[in-house]
Amino acid sequence: MNKPPIRVRFAPSPTGQLHLGGARTALFNWLYAQHHGGEFFLRIEDTDRERSKEEYTGQIIGSLDWLGLQWSEPLLFQSERTGAYKNAIHKLLDNGSTYRCFLTRDELDRAREKAQAKGGDFRVPKTYRDIPLQEQKRLLNAGQSFTVRLKIPPGKTLFKDHIYGDISVNNEEIDDFIIARSDGTPTYNFTVVVDDYTMGISHVIRGEDHISNTPKQLLIYEALGYPAPEFAHLPMILGPDKKRLSKRHGAAGIQEFRDTGYSADALLNYLVMLGWNPGTEKELFTREEMVAHFDIRKVQKKGAVYDEKKLHWIAGQHLARASEDEILQAIRGEEPNWQRHAKDEYIHHVLKLMKIRGKTLNELKDMTGYFFSDPLKFDPNTAAKRWKDKSVNKLIEKYIQRLENAAKWAAADLDAALRATAEDMAVSAAKLIHPVRLAVSGQSQGPGLFELLELLGKMTCIRRLRKSLTIFPLTND
RNA sequence: GGCCCGUUCGUCUAGGGGUUAGGACGCCGCCCUCUCAAGGCGGUAACACGAGUUCGAUUCUCGUACGGGCUACCA
């Protein structure tokens, strides 16, 4: 027994940008393929002419590309497969598993409204399901427009979902639904089946919102005589209100996560933990580790609420673990000219010092400005607190003198020099440390002061300290 | 309304007939310390409800409640 190859797909419709839910569906498909040595395909479901937009196709592809969820060729567009759908519809018309329905949309709408007013439970009337051939011909010749509906057979439709287990539905619950509209175009449930079959998809992994579509699609597989794939439905990603996450909840577009400086790996790591667990307590994963550990049976059934705080934490952990060069490459990937004037070696030092202090690439960029140019802004609260009066100027002057005479410019020596100065002046080291930090960085916080001074270099430090003597204290007295 | 699915700390989750119900984020406190992070230690907080099965249910069964999805000539 040799197993059929594993082929999965992600099939977004280009009616909006790629959002968190779509990205997770894509990720789980990709992981499933990677883990099992299968292939991952992409299919653009652009049959809704009204809502589909080419720019969204571009955005979705761009986001997937950024996430690094590489798909195999060919990339399929449903809009280019009209021929295949037509053939399949004819096949079903010929083999009698479908019928032409001459009910008009208006008729149906009215009947539906009436039924709903009376308490719901509207069923599509099977008026034309079994009319004689002559009558059909007559209507056709009269130019009556029609839709093609699937004849739902009696019985039960059941399937085994890899995540939800056995699911069954009585066929009576399913209407003779439309597979081809009156303009001849196929509907969603139909195109999905035709495409999944022709693409040789072995496992359909998609959102839980498709569970109720599955029996319908299974019935189409049956009518077409195609073998059905296996199914796995993923729980929804929810907003804080427990409703399916959407634009209303804020940052749902992948592009926004990229814009706020999250790395693709961190986002993927967060996403994989949303609704899945490895069965161990590990929760920080590299891409390779995700592939190695992924097991679809460990996917949750319950919808998961998106929590930005946790994403932020994971992003910080990824940053702390990343090499300085990886971080630099990631930043330059977004902003090619970032700090081009500085030497890579110097930037690496800066990043080494700062990477555990930021969670996102943007935070890192924002907090490292003073490593590359003299600070122009000085935190006024810190100035008020740490540099109250002229007495501080005296201390700084003394420290500058020592620094100028420093033989070695290394953290330990700068430290010793500062403590010696403090001792001379009979003050605590802190009385000097804080104002020096303010003078040199404009900030009240940052890396260890002496590592900072060492990295900035003698000239820069002395320049900034001198300058600060002309600025502080802020209050004149 | 009908059908399908779900329900363990605020959130993500582990567990599973007998556990002090475990971990993570967040929050709080302490330690480290020149600050901020990071890190370490500790704390806070959960089995929706009701029956049944059982010596014993958070765990199994059935109901109820609540939540979600679907119910289109959208995908």
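Protein chains get the first letters and strands the later ones, always in sequence-line order, with residue 1 at the start of each. This structure is a prediction, so every number in the text was calculated from the model and none was measured.
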| task | Determine the Euclidean distance between corresponding C1' atoms of B:A65 and B:U54; express it in Å to zero decimal places. | result | 26 Å
| field | Closest-nucleotide ordering on RNA chain B, the 5'-leading residue of A:Pro12 and A:Ile167 | value | A:Ile167
| message | Check for me whether the distance between the ring centres of A:Phe28 and A:Trp276 falls short of 6.0 Å. | response | no
| note | Minimal heavy-atom distance between A:His233 and A:Glu208, with the atoms involved, is CB-CA, 4.0 Å
| request: Remember a base hit wins even if backbone is also touched, and classify A:Ala304 as base, sugar-phosphate or nothing at under 4.0 Å, heavy atoms. | output: sugar-phosphate
| task | Compare every heavy atom of A:Thr47 with every heavy atom of A:Ser52, then report the nearest pair and how far apart it is. | result | OG-N, 4.4 Å
| query | Taking any strand in view, what nucleotide pairs with B:U58 in a Watson-Crick or G-U wobble way, both distances under 3.5 Å? | reply | none
| task | Would you kindly give the CD-to-P distance between A:Glu451 and B:C36, to the nearest whole Å? | result | 16 Å
| query | With a non-hydrogen cut-off below 4.0 angstrom, is A:Thr47 in contact with a base, only sugar-phosphate, or nothing? | reply | sugar-phosphate
| Looking across every strand, which nucleic acid part, if any, lies under 4.0 Å from A:Leu353 by heavy atom: base, sugar-phosphate, or nothing? | nothing
| Rounded to the Å, how far apart are A:Asp379 CG and B:C36 P? | 13 Å
| query | Out of B:C3, B:C5, B:C34, which has the shortest distance to the side chain of A:His434? | reply | B:C34
| query | Taking a pair as Watson-Crick or G-U wobble with both distances under 3.5 Å, which nucleotide is matched to B:G42? | reply | B:C28
| remark: B:A21 -> Watson-Crick or G-U wobble partner, both distances under 3.5 Å, gives none
| request: Going 5' to 3' through nucleotides 41-48 of chain B, assign each nucleotide B (protein heavy atom under 4.0 Å from a base atom), S (under 4.0 Å only from sugar-phosphate atoms) or - (no protein heavy atom that close). | output: --------
| field | Side chains of A:Arg81 and A:Thr198, donor plus acceptor under 3.5 Å | value | yes
| field | Lys/Arg cation over aromatic A:Phe146: A:Arg100, 6.0 Å, 45° cone | value | yes
| query | With sugar-phosphate meaning primed atoms plus P, OP1 and OP2, does A:Ser168 contact a base, only sugar-phosphate, or nothing at under 4.0 Å between heavy atoms? | reply | sugar-phosphate
| Same-atom distance (C1') from B:U35 to B:U20, integer angstrom | 40 Å
| said: Rounded to whole Å, how long is the line connecting atom CD of A:Glu45 with atom P of B:A75? | reply: 9 Å
| Roughly how far apart, to the nearest Å, are B:G26 and B:G10 at atom C1'? | 8 Å
| message | When you measure from the side-chain N and O atoms of A:Asn277 to the phosphate of B:U13, is any distance below 4.0 Å, counting only OP1 and OP2? | response | no
| task | Between B:A37, B:C34, B:C4, spot the one nearest the side chain of A:Arg437, thanks. | result | B:C34
| task | In plain terms, say whether A:Lys298 and A:Asp295 are close enough for a salt bridge, that is, a side-chain N and a carboxylate O under 4.0 Å apart. | result | no
| message | Check whether A:Phe177 forms a cation-pi arrangement with A:Lys216 (NZ or CZ under 6.0 Å from the six-membered ring centre, at most 45° off the ring normal). | response | yes
| query | C1' atom, B:G42 versus B:C32: distance in rounded Å? | reply | 15 Å
| B:G2 versus B:G63 - spacing of their P atoms, nearest Å | 15 Å
| said: On RNA chain B, does the nearest nucleotide to A:Ser13 precede the nearest nucleotide to A:Glu173 from the 5' side, or the other way round? Give the residue. | reply: A:Glu173
| message | Considering every strand and a 4.0 Å limit on heavy-atom distances, what is the contact class for A:Gln300: base, sugar-phosphate, or nothing? | response | sugar-phosphate
| note | With the side chain defined as heavy atoms from C-beta on, A:Lys302 is closest, among B:C4, B:C12, B:A75, to B:C12
| note | Side-chain atoms of A:Val169 come closest, of B:C12, B:C4, B:C36, to B:C4
| request: Would you name the heavy atoms of A:Ala223 and A:Ser97 that are closest together and state the gap between them? | output: CB-OG, 3.6 Å
| request: Using salt bridge (Lys or Arg N to Asp or Glu O under 4.0 Å) as the criterion, list what pairs up with A:Glu451, not counting sequence neighbours. | output: none
| Can you tell me how far P in B:A46 sits from the matching atom in B:U8, rounded to whole Å? | 14 Å
| Base partner of B:U7, which must satisfy Watson-Crick or wobble distances under 3.5 Å | B:A65
| message | Just to be sure I understand the rule, does A:Thr104 reach a base, reach only the sugar-phosphate, or reach nothing, if contact means heavy atoms closer than 4.0 Å? | response | base
| note | Here the distance between atom P of B:G6 and atom CD1 of A:Ile237, to the nearest Å, is 19 Å
| message | Tell me which nucleotide, if any, is Watson-Crick or G-U wobble paired with B:U53 when both distances must be under 3.5 Å. | response | none
| Residues in ring-ring contact (aromatic ring centres under 6.0 Å, His included) contact with A:Tyr128, at least two apart in sequence or another chain | A:Phe102
| request: For nucleotides 65-71 of chain B, just jot down a letter per nucleotide in 5' to 3' order: B, S or -, based on protein non-hydrogen atoms under 4.0 Å. | output: ---SSS-
| field | Atom-pair distance (OH on A:Tyr306; C1' on B:U13), nearest Å | value | 18 Å
| remark: From the candidates B:C73, B:G6, B:C34, the one with an atom nearest any side-chain atom of A:Ser182 is B:C73
| field | A:Lys156 bridged to A:Glu172 by N-O distance under 4.0 Å | value | no
| query | Rounded to whole angstroms, how far apart are CG on A:Leu158 and P on B:C3? | reply | 18 Å
| request: Would you mind classifying the nucleic acid contact of A:Pro235 as base, sugar-phosphate or nothing, using non-hydrogen atoms under 4.0 angstrom? | output: nothing
| Is there a donor-acceptor contact under 3.5 Å from the side chain of A:Arg244 to the main chain of A:Gly303? | no
| task | Under 4.0 Å between any heavy atoms, over every strand shown, what does A:Gly275 touch: base, sugar-phosphate, or nothing? Just pick one. | result | sugar-phosphate
| remark: Any strand, both distances under 3.5 Å, Watson-Crick or G-U wobble: B:A72 pairs with none
| A:Lys91 atom NZ, over 12 foreign heavy atoms within 6.0 Å | yes
| request: Counting heavy atoms from C-beta on, name the nucleotide in B:C34, B:C5, B:A75 closest to the side chain of A:Tyr188. | output: B:A75
| What distance, rounded to whole Å, do you find between the two C1' atoms, one in B:C60 and one in B:C28? | 40 Å
| field | Rounded distance (Å) that lies between atom C1' of B:A75 and atom CG of A:Asp196 | value | 13 Å
| task | Considering only atom C1', compute the distance from B:U44 to B:G22 and round it to an integer number of Å. | result | 16 Å
| task | Give a yes or no on whether A:Lys160 atom NZ has more than 12 heavy-atom contacts from other residues, nucleotides or ligands under 6.0 Å away. | result | no
| field | Polar contact flag, side-chain donor to acceptor under 3.5 angstrom, A:Asn213-A:His210 | value | yes
| field | Residues which pass ring-ring contact (aromatic ring centres under 6.0 Å, His included) with A:His293, listed by chain and number, not counting sequence neighbours | value | A:Phe285
| Which part of the nucleic acid, if any, lies within reach of A:Lys298 when heavy atoms closer than 4.0 Å are counted: base, sugar-phosphate only, or nothing? | sugar-phosphate
| In whole angstrom, what separates A:Ile314's CD1 from B:U13's P? | 12 Å
| remark: Reading nucleotides 19-28 of chain B from 5' to 3' and marking B where a protein heavy atom lies under 4.0 Å of the base, S where only the sugar-phosphate is that close, and - otherwise, the string is ---SSBSS--
